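Naming convention: chains lettered A, B, ... in sequence-line order (proteins, then strands); numbering from 1 in each chain. Nothing here was measured: the structure is a model prediction, and the numbers come from that model.
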There are 2 protein chains.
Amino acid sequence: MKRDSKLSGILHVLLHMAEAKAPVTSEEMAKAMQTNPVVVRRIMAGLREAGFVRSGKGHGGGWTIARELSAITLRDIYVAVGSPELFAMGNRTESPGCIVEQAVNAALDGAFRDAETLLLDRFAEVTLADLSADFHARMLASGKTIDLGTIHAA
Amino acid sequence: MKRDSKLSGILHVLLHMAEAKAPVTSEEMAKAMQTNPVVVRRIMAGLREAGFVRSGKGHGGGWTIARELSAITLRDIYVAVGSPELFAMGNRTESPGCIVEQAVNAALDGAFRDAETLLLDRFAEVTLADLSADFHARMLASGKTIDLGTIHAA
DNA sequence: CATCATGTAACATATGAAGTTACATGAAAC
DNA sequence: GTTTCATGTAACTTCATATGTTACATGATG
């Protein structure tokens with residue numbers, strides 16, 4: 001299965017936006033993430049609807065973060081991008097007539113449900129401000145500075 | 001992403017094998033699971049190598065379980081089928097040069113690692129005997145009996 | 001009103017799980 | 001011993017879907 005990287009990608013972009021003073025365009029973000037502007041807009045659309053970012057058209061347009069970083073958790077973002085499937089495995093048949101398969105599904109479902117709860121709880125504990133702080137700590141430790149345009153230069 | 005159903009499928013088949021007195025052929029299993037005999041053999045191969053099942057060729061051949069059901073955990077089976085990827089999401093880039101992305105990956109990786117541990121621990125707690133007992137309880141509750149050939153009749 | 005940027009539909013590509021075909025190997029029945 | 005049945009496995013096809021791309025409409029700024 002191909003793994004979904006929406007969450008990873010959008011977090012990356014959001015932290016870069018947090019560093020920027022001015023709005024960041026889809027094109028700049030796309031270059032940074034080595035992907036396509038449309039892909040960026042597609043992912044950002046969910047965040048805009050949820051009110052976490054704003055977009056502006058025309059000259060000087062682009063994307064800006066609409067809330068305090070400390071008021072946005074990873075879980076918020078996960079939900080805003082559509083709560084994508086977390087697990088790569090599932091039941092062969094969701095509503096099996098076979099009683100054997102029902103027993104199998106029940107056992108697996110229980111474990112996966114608990115894991116999902118754990119994961120979402122963990123996501124809820126981490127804010128963008130936390131990630132930003134971690135990033136700044138890493139930057140200090142490495143002695144490097146960062147800039148969207150240069151670090152991701154094409 | 002298409003979800004992997006090897007684990008679910010193989011558990012189903014194993015429990016049916018546990019009910020059968022004689023060896024079960026790949027073809028019978030495939031019919032029961034509405035799939036192809038080769039797919040079944042492919043999955044079972046891992047279990048055979050791990051020593052959980054035996055296969056026999058020719059007349060009267062087929063598959064049998066080689067151990068006590070209580071000595072086989074879901075985790076054993078998960079590992080035997082190749083420890084398939086558990087999660088449907090991953091990092092956009094595994095070894096990013098960008099420090100921002102490193103911070104993002106670190107946060108996500110931590111959560112996913114914990115969820116994986118939880119999941120595998122849960123798998124390790126459940127044996128095939130447990131699943132079989134659950135199945136028998138369900139069968140009693142429903143008043144139905146079960147038979148590989150009839151319940152899954154083509 | 002020319003330019004820039006988003007919004008979005010429609011289509012293309014790539015990846016990987018699952019399904020299929022084909023044939024070799026080996027065991028049991030006769 | 002040869003026919004039949006079943007596994008073993010490589011090679012190929014199909015299918016789902018995440019991601020990438022093209023094309024064009026909409027609206028804002030200078």
Side-chain angles (χ1 to χ4, degrees), chain A residues 1-10 12-13 17 20 22-49 53-64 66 81-94 154, chain B residues 1-10 12-13 17 20 22-49 53-64 66 81-94 154:
Chain A
M1 142 207 337
K2 199 169 193 177
R3 303 175 81 192
D4 183 326
S5 61
K6 273 199 282 295
L7 187 59
S8 162
I10 205 165
H12 182 191
V13 156
M17 282 170 61
V24 183
T25 66
S26 309
E27 187 145 12
E28 288 167 321
M29 292 195 249
K31 193 159 289 176
M33 303 184 53
Q34 305 185 74
T35 180
N36 192 290
V38 176
V39 174
V40 173
R41 291 187 201 124
R42 193 144 65 197
I43 302 177
M44 298 293 282
L47 285 192
R48 185 186 50 229
E49 281 159 31
V53 298
R54 267 191 290 269
S55 62
K57 292 182 171 181
H59 284 270
W63 302 82
T64 46
V81 296
S83 305
E85 181 58 48
L86 291 170
F87 300 106
M89 17 201 328
N91 294 322
R92 214 179 46 80
T93 306
E94 275 317 319
Chain B
M1 145 206 327
K2 197 169 194 178
R3 302 174 81 195
D4 183 325
S5 61
K6 273 199 283 294
L7 186 60
S8 162
I10 206 165
H12 182 191
V13 154
M17 282 171 59
V24 183
T25 66
S26 309
E27 187 145 12
E28 288 167 321
M29 292 194 249
K31 192 160 290 176
M33 303 184 52
Q34 305 185 75
T35 181
N36 192 289
V38 177
V39 175
V40 173
R41 289 186 204 125
R42 193 144 60 197
I43 303 176
M44 297 294 282
L47 285 191
R48 185 186 50 228
E49 280 158 32
V53 299
R54 266 191 290 269
S55 62
K57 292 181 173 182
H59 285 270
W63 301 83
T64 47
V81 298
S83 305
E85 180 57 49
L86 291 170
F87 300 106
M89 4 200 339
N91 294 324
R92 212 180 48 81
T93 305
E94 276 317 320

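Counting non-hydrogen atoms under 4.0 angstrom, B:R48 reaches the backbone sugars and phosphates but no base. The residue B:G62 sits close only to the backbone: its heavy atoms come under 4.0 Å of sugar-phosphate atoms, none of a base.
If you measure from atom CE of A:M44 to atom C1' of D:dT19, you get 18 Å, rounded to the nearest angstrom. The interatomic distance linking B:E49 (CD) with D:dG8 (C1') rounds to 11 Å, in whole Å. Protein atom CE of B:M33 is 14 Å distant from nucleotide atom C1' of C:dA17, rounded to whole Å. Summarising the geometry, the separation between CD on B:E85 and C1' on C:dA18 is reported as 18 Å, rounded to the nearest angstrom. Whole-Å rounding puts the A:I43 CD1 to D:dT21 C1' distance at 15 Å. Atom pair B:M89:CE and C:dT15:P shows a separation of 20 Å (rounding to whole Å applied). Rounded to whole Å, the distance from CE on A:M17 to C1' on C:dT6 is 13 Å. Nucleotide C:dT6 holds its C1' atom 14 Å from the CD atom of A:E28, rounded to whole Å.
Counting only heavy atoms from C-beta outward, the side chains of A:T35 and A:M29 never approach each other to under 4.5 Å. Looking at heavy atoms from C-beta onward, A:L86 lies in side-chain contact with B:M89 at the 4.5 angstrom threshold. Side-chain contact between B:P23 and B:W63 is absent, with no heavy atoms from C-beta onward closer than 4.5 Å. The shortest side-chain heavy-atom distance between A:V40 and A:E27 does not fall under the 4.5 Å cut-off.
No side-chain donor from either of A:R54 and A:T64 sits under 3.5 Å from a side-chain acceptor of the other.
You'll find that the side chain of B:R42 is closest to C:dT20, out of D:dT7, C:dA27, C:dT20. If you check D:dT9, D:dG20, C:dT6 against the side chain of A:K57, the one that comes closest is C:dT6. Listed nucleotides: D:dT7, C:dT21, D:dT19. Nearest to the side chain of B:N36: C:dT21. Across D:dA10, C:dA28, C:dG19, the shortest atom-to-atom separation from the side chain of B:V38 is found for D:dA10. Checking D:dG8, D:dT7, C:dA28 against every side-chain atom of B:S26, the shortest atom distance belongs to D:dT7.
The phosphate of C:dG7 has neither OP1 nor OP2 within less than 4.0 Å of any side-chain N or O from A:R41. At least one side-chain nitrogen or oxygen of B:K6 sits closer than 4.0 Å to the OP1 or OP2 atom of C:dA18. At C:dA5, none of the side-chain N or O atoms of A:S55 fall inside 4.0 Å of OP1 or OP2 (strictly under the cut-off).
Nearer to the 5' terminus of DNA chain D, by closest-nucleotide assignment, is the contact made by B:G61 (compared with the other of A:S5 and B:G61). If B:P37 and B:H59 are placed on DNA chain C by their nearest nucleotide, the residue sitting closer to the 5' end is B:P37.
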